[in-house]
Participant: 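Pasting a structure below so you can have a look.
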Amino acid sequence: MKRNKRKEIAAADAATADVSLRAHAVRQSKKKEKKPQDGAMNIYEYEEKYVKRENVKGATIVLRLLVALIGVFFACCFFFVSKSIWEMNEYAGYAAAGVSVVLFICVYIVPVVKILKSDYFITNVNYKTAAAAKRKNKRLRMQIAQKIVDVCANVAGVGWYDSLSVERLEQGVKKRDDAVIKEQLTALYEGSVKRSARDIIFKCSMKSAMYSALSQDSKIDTMLVAAVNLQMIKDIVFLYGFRPSDSKLVKIFGAVVRNALVAYGLGGLKIGNGIARTVGDAAKGIPFLGSVISVLVDSSVQGLANGTLSAIIGYQTIKYLSREYKLQNILDGVEVGETEEELAETCAEIETELRKNKPKKGAIPV
């Protein structure tokens with residue numbers, strides 16, 4: 001008798017496990033096969049194709065550390081410059097310290113705060129967070145559109161944005177037509193905004209190169225390069241109306257730190273002296289000419305290096321902004337199933353399977 005009961009219990013457990021496996025198989029098949037009627041991508045396909053697993057909290061912590069490290073760079077450079085001036089003249093040193101505080105606020109605090117306060121699109125999502133991300137991204141598109149319209153209306157001759165697209169964008173904002181806003185923002189980002197961003201990169205790279213060529217002090221080079229890079233990132237973010245996500249900003253600010261270290265290292269190298277020795281007997285025979293060539297080569301090589309590194313950061317920023325805008329556009333067209341509906345559907349499937357495989361009455365004693 002006991003043996004028969006054990007067999008019945010085992011059979012019931014096997015039936016329950018079979019029900020669970022069937023329900024899981026049905027859910028997985030629906031994830032793969034479920035497609036909207038218009039052939040658009042569903043959220044599971046979007047996850048598989050575009051989503052990369054990221055430690056969001058870790059990226060935020062690293063970003064804060066990098067921002068703090070850049071601040072330490074500025075503070076140290078301003079301190080040593082002020083100290084060297086103070087050693088020459090006490091009162092001039094105090095004045096330099098005051099000026100350093102003001103410059104620290106202008107070239108570090110203000111750009112960093114403006115960059116970090118800008119909003120960003122959420123594109124790394126799953127089926128649970130996709131619906132909320134789409135709503136948030138829609139609000140951000142409206143904010144960006146309103147900001148671009150306001151800038152063009154209030155700043156004379158801004159020249160960053162195509163006037164025809166801005167006019168259409170303004171109509172979309174007034175009617176709160178998201179389709180028009182998306183269409184015109186896409187046109188702007190692929191056209192006039194990209195050209196304006198390239199102009200910003202070129203001007204900032206030239207500033208970085210010229211400042212480095214004129215300066216002969218490694219600490220001042222470090223400050224100038226970092227300040228120009230931060231200003232460039234701030235201007236590009238303002239131009240686009242949003243910033244990259246924290247994980248992408250980690251890479252961008254990491255590149256700023258790298259550029260500052262490179263600028264500091266280049267300032268201590270005697271590049272020109274080695275090259276000057278190769279210019280020929282004429283330069284060797286004229287010491288003054290040799291020293292002039294050395295200074296010119298040092299400055300030009302250092303300026304070229306710092307200008308190129310600044311341009312790389314600029315184009316890296318554009319790349320991340322363009323990619324995240326395209327991803328949020330793709331996500332906006334993705335079919336997102338409601339979690340409550342999926343739960344109810346799964347419960348109904350389990351109930352149906354249980355009814356099919358219901359054990360005989362009295363098979364399992366209570």
Side-chain angles (χ1 to χ4, degrees), residues 27 30-32 34-60 63 114-151 161 165-166 168-190 193 236-250 317 320-346:
R27 290 195 299 271
K30 287 193 173 184
K31 284 183 180 182
K32 294 179 180 179
K34 185 179 178 183
K35 283 184 178 291
Q37 293 180 354
D38 59 359
M41 182 183 297
N42 63 46
I43 184 58
Y44 304 109
E45 293 171 329
Y46 177 88
E47 278 190 74
E48 183 178 356
K49 189 172 183 180
Y50 297 112
V51 174
K52 295 180 179 179
R53 302 304 172 194
E54 295 178 344
N55 187 342
V56 178
K57 291 183 179 179
T60 303
L63 177 61
K114 288 188 175 181
I115 292 169
L116 296 181
K117 283 186 68 177
S118 300
D119 208 347
Y120 60 92
F121 288 110
I122 299 176
T123 57
N124 236 38
V125 298
N126 54 37
Y127 76 96
K128 294 180 181 179
T129 59
K134 288 175 69 172
R135 291 192 292 270
K136 191 256 187 185
N137 293 342
K138 182 178 179 180
R139 292 194 298 270
L140 180 54
R141 287 196 298 268
M142 176 63 73
Q143 293 171 9
I144 294 170
Q146 185 66 62
K147 179 181 176 181
I148 291 175
V149 171
D150 291 343
V151 167
Y161 309 103
S165 294
V166 172
R168 294 172 179 171
L169 193 63
E170 185 176 7
Q171 296 300 318
V173 171
K174 289 179 179 178
K175 297 178 181 179
R176 304 191 70 82
D177 190 334
D178 188 57
V180 173
I181 290 173
K182 283 201 300 182
E183 180 184 0
Q184 297 309 315
L185 283 179
T186 301
L188 285 170
Y189 289 145
E190 292 178 353
V193 170
I236 293 174
V237 167
F238 182 84
L239 174 67
Y240 275 78
F242 66 99
R243 70 170 174 88
S245 60
D246 286 352
S247 60
K248 299 299 185 291
L249 271 184
V250 166
T317 304
Y320 291 147
L321 290 171
S322 299
R323 175 173 172 76
E324 293 189 346
Y325 179 78
K326 289 177 181 177
L327 283 181
Q328 70 83 31
N329 236 355
I330 294 171
L331 178 62
D332 193 58
V334 166
E335 181 193 13
V336 179
E338 295 295 333
T339 305
E340 293 80 3
E341 294 178 2
E342 291 182 348
L343 178 60
E345 186 180 350
T346 301

Participant: Could you tell me whether the side chain of Thr129 reaches within less than 4.5 Å of the side chain of Ile122, counting heavy atoms only?
Facilitator: no
Participant: With side chains defined as the heavy atoms from C-beta onward, is the minimum distance between Asp178 and Asp332 less than 4.5 Å?
Facilitator: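 Counting from C-beta outward, Asp178 and Asp332 do come under 4.5 Å.
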Participant: For residues Phe121 and Leu327, determine if any side-chain heavy atom of one lies less than 4.5 Å from a side-chain heavy atom of the other.
Facilitator: no
Participant: Show your reasoning for whether side-chain contact (heavy atoms from CB on, under 4.5 Å) applies to Leu169 and Val180.
Facilitator: CA-CA 7 Å; Leu169 193 63; Val180 173; over 6 Å; no
Participant: How close do Ala130 and Ile43 get, heavy atom to heavy atom, and via which atoms?
Facilitator: CB-CD1, 3.5 Å
Participant: Answer whether the closest heavy-atom distance between the side chains of Leu63 and Leu116 falls below 4.5 Å.
Facilitator: yes
Participant: Let me confirm one number: the CD1-CD distance from Ile181 to Gln143, rounded to the nearest 0.5 Å.
Facilitator: 11.0 Å
Participant: Is there side-chain contact between Tyr189 and Asn329, with heavy atoms separated by less than 4.5 Å?
Facilitator: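 A side-chain contact is absent here, since even the closest heavy-atom pair is not under 4.5 Å.
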Participant: Working to the nearest 0.5 angstrom, can you tell me the gap between Leu239 CG and Thr317 OG1?
Facilitator: 12.0 Å
Participant: Tyr320 versus Ser245: any side-chain heavy-atom pair under 4.5 Å?
Facilitator: no
Participant: Taking side-chain hydrogen bond (donor to acceptor under 3.5 Å, both in side chains) as the test, write out the residues that go with Thr123, two or more places apart.
Facilitator: none
Participant: Return the set of residues passing side chain to side chain contact (heavy atoms under 4.5 Å, CB included) with Ser165 (not counting sequence neighbours), or none when no residue passes.
Facilitator: Asp162, Gln184, Ala187, Leu188
Participant: Would you say Tyr120's side chain and Leu321's backbone share a donor-acceptor pair under 3.5 angstrom?
Facilitator: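 Judged by distance alone, no pair lies under 3.5 Å.
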Participant: If you measure from CD on Gln146 to CD on Glu170, what distance do you get to the nearest 0.5 Å?
Facilitator: 8.5 Å
Participant: Is a side-chain N or O of Arg243 found less than 3.5 angstrom from the main chain of Ser118, in a donor-acceptor match?
Facilitator: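 Judged by distance alone, yes, a pair lies under 3.5 Å.
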Participant: Would you say the side chain of Gln328 lies within less than 4.5 Å of the side chain of Arg141, judging by non-hydrogen atoms?
Facilitator: yes
Participant: When rounded to the nearest 0.5 angstrom, what is the spacing between CD1 in Ile148 and OH in Tyr240?
Facilitator: 10.5 Å
Participant: Between atom CE of Met142 and atom CG of Asp177, what is the distance when rounded to the nearest 0.5 Å?
Facilitator: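 Met142 atom CE to Asp177 atom CG measures 8.5 Å (nearest 0.5 Å).
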Participant: For a 4.5 angstrom cut-off between non-hydrogen side-chain atoms, does Tyr127 reach Glu47?
Facilitator: yes
Participant: Within a radius of less than 6.0 Å around NZ of Lys134, do more than 12 heavy atoms belonging to other residues, nucleotides or ligands occur?
Facilitator: yes
Participant: Are more than 12 heavy atoms from other residues, nucleotides or ligands located less than 6.0 Å from atom NZ of Lys136?
Facilitator: yes
Participant: Taking only residues two or more places apart in sequence or in another chain, which ones pass side-chain hydrogen bond (donor to acceptor under 3.5 Å, both in side chains) with Lys147?
Facilitator: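 Once residues adjacent in sequence are excluded, Lys147 has no partner under the side-chain hydrogen bond (donor to acceptor under 3.5 Å, both in side chains) criterion.
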Participant: Please check if the number of heavy atoms outside Glu48 that lie under 6.0 Å from its CD is greater than 12.
Facilitator: no
Participant: Test your reading of the model: is there a side-chain donor-acceptor pair from Asp246 to the backbone of Val56, 3.5 Å cut-off?
Facilitator: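 No, Asp246 side chain to Val56 backbone: no donor-acceptor pair under 3.5 Å.
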Participant: With no hydrogens and no angle check, is any side-chain donor or acceptor of Glu45 less than 3.5 Å from a backbone partner on Asn42?
Facilitator: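 Between the backbone of Asn42 and the side chain of Glu45 there is a qualifying donor-acceptor contact (under 3.5 Å).
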Participant: OH of Tyr44 to CG of Asn126: how many Å apart, nearest 0.5 Å?
Facilitator: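 One finds 10.0 Å between OH of Tyr44 and CG of Asn126.
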Participant: Checking Asn124 side chain against Lys52 main chain: does a donor-acceptor pair fall under 3.5 Å?
Facilitator: yes
